[in-house]
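Please read the structure below before turning to the comments.
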Amino acid sequence: MLDSGCRVLKGRVILRLLLIASLGFVALPALAQAQAAPRVEPGVVYATPGGWFEAAMFYVFGGLAIASALGVCVSRSVVRMATWLFFALGAVSILYFLLAATFLAAIQLIVYVGGVLILLIFGVMLTSQSAWVRFTPTRTNLAVASLICVGLLICLMSVLAGTDFGPPSATSIGTPVEAIGRRLLTHYLVPFEIAGVLLMIVMVGAAHLARQEKN
Amino acid sequence: MEPFLSKLLAASLIPPFLTFWILVLWGPKIGKPRAGWVGLIGGMGLPLLLSTIVFVTWFFTGPEQRDALTSAAQNSQVLWSQLGDFKVTFGVKLDSLTVAIHFMVCFIAFWIFFFSIGYMAGHSDCVHHQSKYWRFFAYLALFGFSMLGLVISPSLLFLFIFWELVGLCSYLLIGFYFDTDYAPPAAMKAFITNRVGDFGFIIGLGIVFTFLGTLDLEGAAAAFKTQLAAGTGLFAKTVSVPILGWSFSGMTLATLMGIGLFCGAMGKSAQFPLHVWLPDAMAGPTPVSALIHAATMVAAGVYLVARVFRLLTPDAQMFVAVIGCITLTFMALIAIVQTDIKKCLAYSTLSQLGYMIFGMGVGAWTAALFHLVTHAFFKAMLFLGSGQVIEGCHHVQDMRRMGGLKSKMPVTCWTFFIGVLAIAGTGIPGFHIGDLRFGLGGFFSKDEILAVAYDRAFNWGRFESGGEHAAAQNGGWQIANSEREEASESVSLAAFSAQHKTAQPKGAPELAEQDAHAKQEGRTGEANGHGAGTAQEAGGHGAEEGHGGAAAHHASAKDPVAAGMKALPKWMFLFAIITAYITPFYMFRAWWLTFMGKPRDPHVHEHAHESKMMTLPLAVLAVGTLVASYALFRPMLAHAAPVAADAPLVVAVDGEAHDPAASLIALDHSADRNPHSKLVTIVGFSFLVGFAVAWLVYRKGLGIAERLKNTFPLNYLHTLLEHKYYFDELYGFLWVRGCRGVAAVCGFIDTWVIDLVYNLLSSVTERLAAFTGRVLDAQGVDGFVNGISETADDLAEALRRPQTGGIRKYVLWTVGIGTAVIAAFLLAPYGESAWTVVAERLGFGTHGG
Amino acid sequence: MLAIGLIHYLIIAAVLFCAGVFTMVTKRNAIGILIGVELVLNSANVNLIAFDRYHGKGAMDGQIAALFVIVLAAAEAAIAVAICMNFYKNLVTVDVDQGDALRG
């Protein structure tokens, strides 16, 4: 009884956090733009490079992304993992805003946070008797995985440290939606169409796979 | 005003579309009689209302205002989609042609829908105890939607989309009795034959898209004109087709484009090589035959030709004329021997469609469309009459078993007779009170086509200098309202070529050749149309006398084009005339055999009855036939004629200039040069001759016809006609048997060549195997092989260990190995030096030192 | 520290990538593995967009690539959840360790 009560409470806390976080995802980019607005030409929207606010936003949300990713790693129940994933994806979308990819950020929020995550939750609900079901991995497994992943991280970091990317090219960035749209319907038309066909096949395929066999 | 009219036209698409979905989704709930009424009101009633408003408004609008409305509608198109530089626009075509055809379609379709309710009431429409009554009306509504959409499309793309939708509806409706043996193949035949035509259509569209750069009708026509004048694009000296790499010279590709576009019309309007589907399409319910296969859908082909008229070249136009001529003659002959009342009407439809296409081909643009409208009225009425007969006789369609039905179904009898009179072109030739002449349907429309054909065949090229009066005195053509000062020789291509050269200073040698050629041909004007092109305005010196400056300007610009056209071969005119005599014969025959004389099958006659629901549309369409022959459509279509007259390469000839501004080359109204009075001696009384011969032959039943059928030359002819010139057999032989023949040859080769080789090889192999097996294998190889297999077995045993089936382990391995590789690369500098040290210690370090 | 550059984003992407891989390897729940995959894809997207921002030619190629990745990720998630449900239907569990029918 006590155990389940705790869970309910935790669930409420998580819900509240989710609510606050969603508000933050909407409000903060607006703040960032407001801070950036005086310094740029009208119609050009991007976080001011080098501004203190950009740095602050980056550290807050970069940190949130990393923390949430680690949260995904360490939590054991699928629901928690999904919750942490929600934070991670949201934080990454803020990073997209900082990178001036406003369209992608919106898409990230809509498709990932709105779509994929819901899908995952549905998957969780449809495939287990209890939403909190856990399967614990063995200690050896954990140890080997940690070793390899930390090794990988070290390797990647040292690659990053050892690579000179050169000076950033100063490309002026307008509103990306129109540019992306234009590019998609001209240069990338064939991949675009193929993606459309793919989505349709996926729709049919997923319906077919998930359908109940008649017996 | 403008948005109001074009919005009404666009709005007329909505009710049929909604009705279709309502009937599809809730048809069974709406129930049997009510679904029909829903289909009638939503499917055609509301569009008819809208269309009537547009038609009446348009009728009372002045010509200048109409032109303003047309261009306003053209300019207010909406951008539908843009792919790169290619824009697809979306809008409503608003001109006299659209308004007239739209109203015609709505009006006829409405009464046919009305008829359908009565017709379907007496029909069992159940398949496996499930009614498909509502489905019939859903299809009809979808058809209405597609046909109206086709008519108001301003762009070839949308025209094509609706075109295909119409084809789909045709397929669905022909195959409506899909539980029978005969309907599904007929539906498939219609669909596949139309696909053959549409293949050509798509090629034409592709050429339009590639070279003219737009699919908008006006835009394409404008681009056509510009390219022709500049000698670029489609009209460059050598045109190479992108991707395929084929190249065409001069105007070949433009001609191909015209023929390709016409191929679509050939399929839908069932012209000569693709005509085979229309008679079979009689498998559908009779209202469908009336609606689609007589009045409206087949008209789409003619409508298409009218729309793309400006994209034709002289050669393409001649192709159109030849196809139309062949169709009109040969199909009329088949109609003589048909005994099935619907088939007889079907062949007469083919023949009349041939007339329209022929009219387009000879340049009788207005006349062909006028014939389209009058034909739609009387043919719908004839088909509905035949539906009434079939329904009344309990599905007997054989005219040999009918006869004497006049007493049982008087209304049907006399409306059918009006239809017969109309299709036969009955009238009082050569007689008129003021401007009023007396006649019905074909008397005006068909004779107009024939008049133009007559002048194209016999008077063509007789361009005379001097004004209207001189031309009238010479009894030849006058060039509308213009005054020419050049000598008659220079009227032809010479002047034009000079103009062309100034437009293109570095004239190609072939042009010069053509010039010489044209001079040789001189007055006959039989120079081929290759050089004919740009508008040449030097010819006309304005119109001091005549009807108006604008008309003269218009006409004189076209003179060289007209002069560059070939005269019509005389046999084509002859064929059309012969058919004008055949038509009254077989139509009178059909009417007489059905309604007059003595009942030949008492059983059929006893049970015959007439349904009230179905007589009303007949009466309305009979009145419509009368009205359409006179007042409504002819002037409106004549007003649309500048659309065709704007064609840079071909000539639209207006047979009877009701609207001087619209006519390009006009026949005079004076008594001796009136087309009707000209034709009086040739075909004026053809209807009387046809009726009389038919009456003489059939007045006492089938006896005389039977005897005629068995006399010597006629018996062979009869067999030939009865088998429809063996076209079905020919296609069956060519395509079906041809495929089987090829398959048989392949099978023969397979059995006797390939199998033989294989058998030989196999026996050789067998011998060899026996030798190697006993000698080599058993003694030497086995040991070796066993050794390999054991090794493989061990290897497999080792390899299957990592194959655990656990996906997490796979990920772990993948990432682990990846990490190791990255680490190896990172550590390589250290590793290399370490290896060098080791190698030197071991004494391999030669490369270092 | 104040000026945020390409390297900052790449570091975050690297961490996300490793976290994703770790999740994939250690979670036995099929949905958990899916979550790991989403993290990995996101880290790739961060890379693409960061490179587009700092080294792009203004043609949005990186963003479009990221867009396609998102599309593919959505497709993959749909199919994967369907597979999970099928898996669950057949084995009455979502423990991927139970599904080793392809063991050598």
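A, B, ... follow the sequence lines: proteins, then strands. Residue 1 opens every chain.
Contacts between Ala88(A) and chain C at a heavy-atom distance below 4.5 Å involve the side chain alone, from C-beta outward. Both the backbone and the side chain of Leu160(A) come within contact range of chain C, judged by heavy atoms closer than 4.5 Å. For Val92(A), the part lying under 4.5 angstrom from a heavy atom of chain C is the side chain only. For chain C, the nearby part of Tyr112(A) is the side chain; its heavy atoms alone come within less than 4.5 Å. Both the backbone and the side chain of Met81(A) come within less than 4.5 Å of a heavy atom in chain C. For Leu152(A), the parts lying under 4.5 angstrom from a heavy atom of chain C are both the backbone and the side chain. For Leu120(A), the parts lying near chain C are the backbone and the side chain together; criterion is any non-hydrogen pair under 4.5 Å. Of the two parts of Leu85(A), only the side chain, counted from C-beta on, holds a non-hydrogen atom closer than 4.5 Å to a non-hydrogen atom of chain C. Looking at Ser146(A), both its backbone and its side chain come within 4.5 Å of chain C, counting heavy atoms on both sides. In this structure, no portion of Ala207(A) lies under 4.5 Å from any heavy atom of chain C.
At distances below 3.5 Å, at least one donor-acceptor pair connects side-chain atoms of Lys27(C) with backbone N or O atoms of Cys73(A).
Ring orientation note: the planes of Tyr54(C) and Tyr9(C) are tilted relative to one another, at an angle of 30° to 60°.
Side-chain contact check for Phe61(A) versus Phe97(A): every heavy-atom pair is 4.5 Å or farther apart. Within the 4.5 Å cutoff, side-chain heavy atoms of Leu98(A) are placed close to those of Glu54(A). Residues Val72(A) and Phe22(C) form no side-chain contact, since every pair of their non-hydrogen atoms from C-beta on lies 4.5 Å or further apart.
For Phe165(A), the ring-ring contact (aromatic ring centres under 6.0 Å, His included) partners two or more places apart in sequence, or in a different chain, are Phe51(C).
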**Asked** Step by step, would you call Trp84(A) with Val74(A) a side-chain contact (heavy atoms from CB on, under 4.5 Å)?
**Response** CA-CA 10 Å; Trp84(A) 281 121; Val74(A) 298; 5.8 Å; no
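When every heavy atom of Gly32(C) is checked against every heavy atom of Val78(A), the shortest pair comes out as N-CG1, 4.5 Å. Nearest heavy-atom pair, Ala74(C) versus Val116(A), reported as atom, atom and distance to 0.1 Å: CA-CG2, 4.2 Å. Residues Leu48(C) and Gly62(C) share a closest heavy-atom pair of CB-O, 4.0 Å.
Of the residues considered (Val81(C), Asp95(C), Val71(C)), Asp95(C) shows the highest number of contacts with chain A, using heavy-atom pairs under 4.5 Å. Interface check for chain A: of the options Ile11(C), Ile64(C), Thr26(C), Ile83(C), the most heavy-atom pairs under 4.5 Å are formed by Ile64(C). If you tally non-hydrogen atom pairs under 4.5 Å between each of Pro191(A), Ala161(A), Gly205(A), Gly63(A) and chain C, the highest count goes to Pro191(A). Chain C forms more heavy-atom pairs under 4.5 Å with one residue of Ile66(A), Asn141(A), Ile148(A), Leu142(A) than with any other, namely Ile66(A). Heavy-atom pairs under 4.5 Å with chain C were tallied for Leu119(A), Leu156(A), Val150(A); the largest tally goes to Leu119(A). Looking only at heavy-atom pairs under 4.5 Å with chain C, the residue among Cys149(A), Gly62(A), Ser75(A), Ala82(A) that has the most is Cys149(A). Between chain A and the residues Asp97(C), Leu16(C), Leu34(C), Leu10(C), the largest count of heavy-atom pairs under 4.5 Å involves Leu10(C). Chain A forms the most heavy-atom pairs under 4.5 Å with one residue out of Gly36(C), Gly5(C), Cys18(C), and that residue is Cys18(C). Comparing Pro167(A), Ala206(A), Gly115(A) by how many heavy-atom pairs each has under 4.5 Å with chain C, the most go to Ala206(A). Between chain A and the residues Ile49(C), Ile70(C), Leu72(C), Leu67(C), the largest count of heavy-atom pairs under 4.5 Å involves Ile49(C). Counting heavy-atom pairs under 4.5 Å between each of Gln108(A), Met203(A), His187(A) and chain C puts Gln108(A) at the top. By number of non-hydrogen pairs under 4.5 angstrom with chain A, the leading residue of Asn42(C), Ile7(C), Leu6(C), Val15(C) is Asn42(C).
Each of Ile180(A), Leu104(A), Val177(A) was compared with Met60(C) under the side chain to side chain contact (heavy atoms under 4.5 Å, CB included) criterion, and only Ile180(A) meets it.
Within the structure, no pair that satisfies the salt bridge (charged side-chain N to carboxylate O under 4.0 Å, His left out) test touches residues 82-99 of chain A, not counting sequence neighbours.
Within a 6.0 Å sphere centred on CZ of Phe192(A), other residues, nucleotides and ligands contribute 12 heavy atoms or fewer.
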